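From a predicted model like this one, the values you see are computed outputs, not experimental measurements.
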Amino acid sequence: MLVLVAPGQGAQTPGFLTPWLDLPGVEDRLREWSAAIGLDLVHYGTNADADEIRDTAVAQPLLVASALVSARQLFPTADDFARLVGAAAGHSVGELAAAALTGVLPERSAMELVRKRGLAMAEAAAVTETGMAALLGGDPEVVVPHLEKLGLTPANVNGAGQIVAAGTAEQIAALAEDKPEGTRKVVALKVAGAFHTHHMAPAVSALEAAVQELSPADPHTRYVSNKDGGVVASGAEVVQRLVGQVANPVRWDLCMETFKELGVTALLEVAPGGTLTGLAKRALPGVKTLALKSPADLDAARELIAEYAAPAGSPAE
C-alpha cells in the first residue's frame, strides 16, 4: 500500500520551484493561483532568497503549491489518486495539500485558505518574539516533562527520536542551556513563530471565519490527521481539524503509527520532499520511501507507484 505525504514549513529552499516550471502547464497553474491569492508564487519559488521565503505568509502557500503541482504530475485526476494511493497526510501546513489531493477542498480553495492561514499565523507570531527548536534523541517521557518545566510546548512530536519545542525566545534560549537528559542536540529552526501552541490562538479565530464559506467534500482517499493520527472520513471534520491544528501539537508520530496499522509498504513524499522521508526511514523500517525533490525524481516515483500502489478501498476503512 502506498502512502503519500506532504511536507511542512521549513522544507522550502531558494529556487526550489525553478525546475518544475519547465513542465507543461505548471507555470500557468502557479500564475493562476498567484492571481487568486495576491502572491507571486513564481517569483518566490524561483528568485527569492532564503529570508524572503522564510516569511510564514510566503512559505506556506509556496509549500502547498509545490505539493499540488508535483503530485499532479503523478496523479493527473482525482480518480487516479483514489485508485492508486492508500492514504494521504501532510505535516502541519502540508495538511492543506493533503486535503486538496484527497478531494476535501478544490485546489484553488486550498490555496486561498493557506494564504489566509499564513497571513494569520504571521500576524499572531508578531505579537511576541517566539520560535521553535528541534530536539534530537531522548526519551519522550523525559523530554516532554522537561519542556513543560521550561514553559515550552512539544509542538511537533515527529517520532524517530525527534520532538520540536516551541515558545518564547527566552524559553528557547533556556532550552539550549538546559537540554533534557539523553538529548543529543538542540537545533534552532528557521521559522518565525511558535506554531502549534497557544501563541497561535488569534490565527485560529481568523481561520474559523475563513472556512465558513467553504463546502468541503468527504475525502475519496483515507485522510490521516495530525491531531491524533486518526483516519477522518468527514470533509467537514477535516476542515474543522485544519483550523484547530494551528494552535495544537502535530502528532506525526501517531500518523506514522497509523500508516503502519494500515499496512503501508511504500511512502512517497511530494515536493519539496526529504524531511518526512527521513523520519519514515527511521520509524518505518522495511517501508520503501521516495522523496520528490525535483522533476528528475518523477520516473523513479512512477516506478514506485507501479510496484507498490494498490486500490485504496473505502476511505473510512
Side-chain angles (χ1 to χ4, degrees), residues 5-74 90-97 100 107 110-111 114-123 125-126 129-134 136 156 158 162 164 166 172 185 187-195 268-279 290-298 300-301:
V5 297
Q9 202 162 332
Q12 74 278 7
T13 55
F16 77 103
L17 276 180
T18 300
W20 296 97
L21 297 183
D22 293 333
L23 302 179
V26 169
E27 184 169 353
D28 289 344
R29 181 170 292 179
L30 290 173
R31 293 201 182 281
E32 179 185 329
W33 290 339
S34 296
I37 67 174
L39 183 74
D40 189 343
L41 295 165
V42 173
H43 163 73
Y44 284 109
T46 58
N47 296 320
D49 63 25
D51 285 336
E52 290 177 279
I53 63 172
R54 188 178 298 131
D55 180 350
T56 302
V58 172
Q60 293 193 10
L62 265 185
L63 287 163
V64 172
S66 173
L68 295 179
V69 297
S70 59
R72 288 305 179 205
Q73 302 304 310
L74 301 169
H91 190 286
S92 188
V93 71
E95 286 207 291
L96 277 89
E107 290 181 346
M111 289 303 304
V114 75
R115 175 62 166 154
K116 292 171 183 174
R117 182 187 194 269
L119 287 166
M121 291 176 73
E123 187 174 337
E129 188 181 357
T130 56
M132 303 178 81
L136 306 180
N156 301 164
N158 287 331
Q162 185 187 108
V164 175
I172 295 290
K185 189 186 293 187
V187 182
L189 301 183
K190 296 177 180 178
V191 296
F195 306 137
L268 174 64
E269 184 179 3
V270 293
T275 304
L276 302 181
T277 306
L279 292 171
L290 191 146
L292 275 181
K293 297 178 184 292
S294 78
D297 299 313
L298 287 170

Inset, instruction - Would you check if R29 and V69 make a side-chain contact, meaning some heavy-atom pair closer than 4.5 Å? - result: yes

Legend entry - Residue pair S70 / V270: nearest heavy atoms and the distance that separates them: OG-CB, 3.5 Å

Inset, instruction - Specify the closest pair of heavy atoms between E269 and P7, including all atoms of both residues, with the distance to one decimal. - result: OE2-CB, 3.4 Å

Legend entry - Residue pair P295 / L298, side-chain heavy-atom distance below 4.5 Å: yes

Inset, instruction - I would like to know whether N156 and M132 meet side-chain contact (heavy atoms from CB on, under 4.5 Å); could you show each step before the answer? - result: CA-CA 10 Å; N156 301 164; M132 303 178 81; 4.2 Å; yes

Inset, instruction - Would you mind reporting whether V93 and F195 have side-chain heavy atoms less than 4.5 Å apart? - result: no

Inset, instruction - Considering non-hydrogen atoms only, spot the tightest contact between A6 and A97 and give its length. - result: CB-CB, 4.0 Å

Inset, instruction - Kindly state each residue pair satisfying side-chain hydrogen bond (donor to acceptor under 3.5 Å, both in side chains) with at least one member in residues 19-28, sequence neighbours excluded. - result: E27-R31

Legend entry - Heavy atoms of other groups near E129 CD, more than 12 under 6.0 Å: no

Inset, instruction - Go through the steps for L268 and V5 under the test side-chain contact (heavy atoms from CB on, under 4.5 Å), then give the verdict. - result: CA-CA 6 Å; L268 174 64; V5 297; over 6 Å; no

Legend entry - Donor-acceptor contact below 3.5 Å, side chain T130 vs main chain A194: yes

Legend entry - From CG (L63) to CD (Q9), nearest 0.5 Å: 7.0 Å

Inset, instruction - Take L292 and L74 through the side-chain contact (heavy atoms from CB on, under 4.5 Å) test and state the conclusion after the steps. - result: CA-CA 11 Å; L292 275 181; L74 301 169; 3.8 Å; yes

Inset, instruction - To the nearest 0.5 Å, tell me how far N158 CG sits from H91 NE2. - result: 3.5 Å

Legend entry - Test log, rule side-chain contact (heavy atoms from CB on, under 4.5 Å), inputs E107 and R72: CA-CA 11 Å; E107 290 181 346; R72 288 305 179 205; 2.7 Å; yes

Legend entry - Where L39 and A57 come nearest, the two heavy atoms and their spacing: CD2-O, 4.0 Å

Inset, instruction - Kindly compute the distance separating CZ (R117) from OG (S92), expressed to the nearest 0.5 Å. - result: 4.5 Å

Legend entry - Beyond-backbone contact of I37 with K116, side-chain heavy atoms, under 4.5 angstrom: no

Legend entry - Check: A59 main-chain N/O paired with Q12 side-chain donor or acceptor under 3.5 Å: no

Legend entry - Within-4.5 Å side-chain heavy-atom neighbours: F16 and L62: yes

Legend entry - Beyond-backbone contact of S66 with L17, side-chain heavy atoms, under 4.5 angstrom: yes

Inset, instruction - Any chance you could measure Q73, atom CD, to L68, atom CG, to the nearest 0.5 Å? - result: 11.5 Å

Legend entry - Side chain to side chain, V64 and M111, heavy atoms closer than 4.5 Å: yes

Legend entry - Expected output: side-chain D297 to main-chain S294 donor-acceptor under 3.5 Å: yes

Inset, instruction - List the atom of L96, the atom of A110, and the distance in Å for their closest heavy-atom pair. - result: CD2-O, 3.8 Å

Legend entry - Heavy-atom pair with the smallest gap, counting every atom of D51 and R54: OD1-NH1, 2.5 Å

